Amino acid sequence: MNARLLPYVLILPVTLFLGVFFLYPFVLVAKLAFVGSEGLSLENFRDVISYWKFPISLKNTMLLAAVVVPVQLALALLMATMVNRMEKGRDLVLYIWTIPLGISDLAAGIIWLAIFEQSGFLNSMMTGLGLSDGPVNFLSYQNPGIVFLAIALAEIWRATAIMLVILVAGIGLIPKEYYEAAEVFGASPWQRFRRITLPMLRPSLQTALILRVVLAFEVFAVVAALGGTLFPVLMGEIYAYQFDLQNTNAAAALALIVLAISVVFTLIILRALRVPKGATI
Amino acid sequence: MAEIQIKNVAKRFGSYQALHDINLTIADQEFMVLLGASGCGKSTLLRIIAGLETQSTGEVWIGGRRIDHLPPKDRGIAMVFQNYAVFPHLTVFENIGFGLRMQKLPNDQVTRRVQRTAELMHIEQLLKRYSGELSGGQRQRVAVARALAMEPDVILMDEPLSNLDALLRLEMRAELKGVLAESNTTAIYVTHDQVEAMSLADRISVMHQGRIVQAASPVEVYRNPAERFVAGFIGNPPMNFLPAVNSGNGQWTVAGRSLPGPQSAAGNLDFAIRPEDLRIASEGLTARVRLVEPLGAHLLVTCDVEGTMFRAILDSDMAIRAGDHLTLAPMQDRIRWFDPETTRSVA
């Protein structure tokens with residue numbers, strides 16, 4: 001086999017697979033989105049955007065991402081720093097912390113539903129401790145704050161570990177000598193974190209944030225389990241267009257809007273955390 | 001004044017004793033080199049002085065102040081690391097100014113001091129660059145400049161030249177010596193390279209298995225090794241050794257020849273001589289030549305004296321070939337004697 005050709009031959013199956021099962025359906029979806037009652041138009045987009053639930057679901061999705069992602073980032077950084085300092089039991093702790101990653105998002109939603117629902121753990125506990133007289137319906141339309149909090153908690157619990165594993169790997173790549181140099185030249189632990197860890201972690205932060213932000217825009221099952229229709233989000237609306245309203249074209253248009261939002265945020269993150277030329281480890 | 005006193009410092013890593021009871025005083029503005037093979041404890045000792053490692057027992061004093069309980073930044077030290085540790089995400093300017101920024105010095109003062117040390121190290125044209133755009137030698141200069149900018153009492157260097165290629169190493173060595181001589185700082189320099197140690201040091205501490213076996217001037221360490229280990233470690237090639245038997249009245253039998261030596265009651269000593277302190281003469285040690293390596297000005301002749309390997313450095317004019325028999329006379333005042341039991345030097 002020609003050594004120059006070999007790499008291309010080796011990536012051919014994956015490329016074909018992705019082309020057939022991702023690129024092709026994507027083109028189909030894009031086509032659907034732009035086909036209206038009178039041929040090609042932006043009609044679907046206009047319909048989707050002018051629907052009364054669009055601003056609410058967009059706001060909810062953004063708000064959830066804005067609350068969940070920073071908390072997850074801070075937690076993941078804290079956890080990664082702690083794990084990195086451990087000498088013994090490091091792997092065990094990492095395994096335990098990443099257990100939620102092995103659970104599907106719907107299952108995660110149901111676990112938290114079991115905590116918050118009317119006959120759930122939280123109510124039983126509060127009644128048992130004498131903190132409340134009877135079961136409270138936390139996840140009702142009367143408590144939008146609690147619904148939001150439950151969803152945010154479930155999301156944080158479920159998906160912090162994905163950032164954690166990326167950041168743990170990234171921190172492990174920073175040579176110890178930089179920390180020693182910073183210490184000798186007078187940097188406190190907090191300054192070492194801010195002036196050495198964070199800037200040298202930029203490539204990992206990029207990956208972790210892009211992954212997490214894009215996934216946050218796609219939040220669906222956890223919301224469906226905990227909030228139902230009380231807390232509309234973009235993905236839920238796509239589902240509703242496709243299966244409740246049987247409007248495939250509108251569903252495709254909304255999907256493309258979510259894609260556009262994801263692309264914009266990815267570009268913002270890439271730009272904000274870029275590493276100047278020559279400044280890599 | 002920054003005299004450094006190391007008092008009874010020992011270090012254990014688990015069951016491994018890295019340092020045994022180190023006692024060493026380094027004078028103000030002295031250039032002290034810690035020399036030894038890898039694993040001898042020299043870097044551990046440096047890191048204890050820096051505060052990056054904590055001694056198991058003992059004390060470290062700098063300038064009359066006990067500092068071993070203080071964090072590195074409060075010890076009045078700066079350090080140059082083996083892999084430079086020039087921060088890749090900061091420009092050369094910010095690297096040199098890193099310590100000054102941590103001290104929260106005003107901007108104009110930082111700029112002035114960075115500018116001055118950069119000029120001193122001839123890197124003022126690189127201040128805007130990142131370390132990824134620098135060569136190894138330039139990074140080394142940044143690392144030294146960063147340490148000098150702190151105007152420390154003591155500058156610690158951990159094999160700072162070992163990652164440079166041979167020619168650059170030679171150049172940086174001379175430059176480092178000049179810059180440090182002018183900076184009035186006390187310097188501790190760790191290396192495994194004896195040529196580097198010889199050329200830089202006011203005093204060399206030769207370390208072996210977690211102990212300092214000799215701390216003396218380079219010439220003293222070379223001429224009068226305190227222990228057989230030093231004699232066999234310093235010099236390239238190192239000293240030759242032959243067993244000597246006491247024949248009474250200060251006479252010793254070495255390879256069948258009688259040589260005057262110490263007045264000692266011991267039955268056996270080790271005779272030692274440097275390869276360059278041998279001459280071809282009519283009387284002396286009989287040697288059979290195994291290998292001749294021309295070194296330009298000299299010939300390095302590897303011989304066999306009564307089954308023991310023996311090296312001589314001779315003038316390159318001589319026509320010597322493998323298989324020849326030579327009579328090598330040691331220069332009497334350069335002969336050294338070691339006790340085979342204690343391995344200490346015997347006068």
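The figures that follow rest on heavy atoms only: side chains count, while hydrogens, waters and symmetry mates do not. Bear in mind the structure is a predicted one, so any value in this text is a computation, not a measurement. Sequence lines set the chain letters: A, B, ... in the order given, protein chains first and strands last, and positions in each chain run from 1.
With rounding to the nearest 0.5 angstrom, the CG atom of B/Leu52 is 14.5 Å from the OH atom of A/Tyr179. Taking CZ from B/Phe98 and CD from A/Gln191, the interatomic distance works out to 7.5 Å, rounded to the nearest 0.5 Å.
Minimum interatomic distance between B/Val86 and A/Tyr178 (heavy atoms only, all atoms of both residues): O-CE2, 3.3 Å. Pairing each heavy atom of B/Lys73 with each of A/Gly186, the nearest pair is CB-CA, 3.4 Å.
Heavy atoms of B/Val80 lying under 4.5 Å from chain A are absent altogether. Both the backbone and the side chain of A/Val184 have a heavy atom closer than 4.5 Å to some heavy atom of chain B. Contact of B/Arg47 with chain A is made through the side chain alone, with heavy-atom distances under 4.5 Å.
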B/Met79 vs A/Glu180, side-chain contact (heavy atoms from CB on, under 4.5 Å): CA-CA, chis, key distance, verdict: CA-CA 10 Å; B/Met79 191 160 169; A/Glu180 294 187 341; over 6 Å; no
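For B/Arg66, the CZ atom counts as densely surrounded, since its 6.0 Å shell holds more than 12 non-hydrogen atoms of other residues, nucleotides or ligands. When the shell of 6.0 Å around CZ of B/Phe13 is examined, it contains more than 12 heavy atoms from other residues, nucleotides or ligands.
Taking chain A as the reference chain and counting heavy-atom pairs below 4.5 Å, the highest number among B/Gly51, B/Pro72, B/Gly132 is found for B/Pro72.
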Please tabulate, one pair per line, all N/O donor-acceptor pairs under 3.5 Å involving side-chain atoms of residues 198-206 of chain A, not counting sequence neighbours.
{"unit_1": "A/Arg202", "atom_1": "NE", "unit_2": "A/Pro199", "atom_2": "O", "d": "3.0"}
{"unit_1": "A/Gln206", "atom_1": "NE2", "unit_2": "A/Leu270", "atom_2": "O", "d": "3.1"}
{"unit_1": "A/Gln206", "atom_1": "NE2", "unit_2": "A/Leu273", "atom_2": "O", "d": "3.2"}

Would you give me the side-chain donor-acceptor pairs under 3.5 Å for residues 98-108 of chain A, sequence neighbours excluded?
{"unit_1": "A/Thr98", "atom_1": "OG1", "unit_2": "A/Leu94", "atom_2": "O", "d": "2.7"}
{"unit_1": "A/Thr98", "atom_1": "OG1", "unit_2": "A/Tyr95", "atom_2": "O", "d": "3.0"}
{"unit_1": "A/Ser104", "atom_1": "OG", "unit_2": "A/Ala107", "atom_2": "N", "d": "3.2"}

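Using a 4.5 Å heavy-atom cutoff, the side chains of A/Phe185 and B/Asn95 are not in contact.
B/Ser183 pairs by the side chain to side chain donor-acceptor pair (under 3.5 Å) definition with B/Thr185, not counting sequence neighbours.
Within residues 100-121 of chain B, the residues having any heavy atom closer than 4.5 Å to a heavy atom of chain A are B/Arg101, B/Met102, B/Lys104, listed by residue number.
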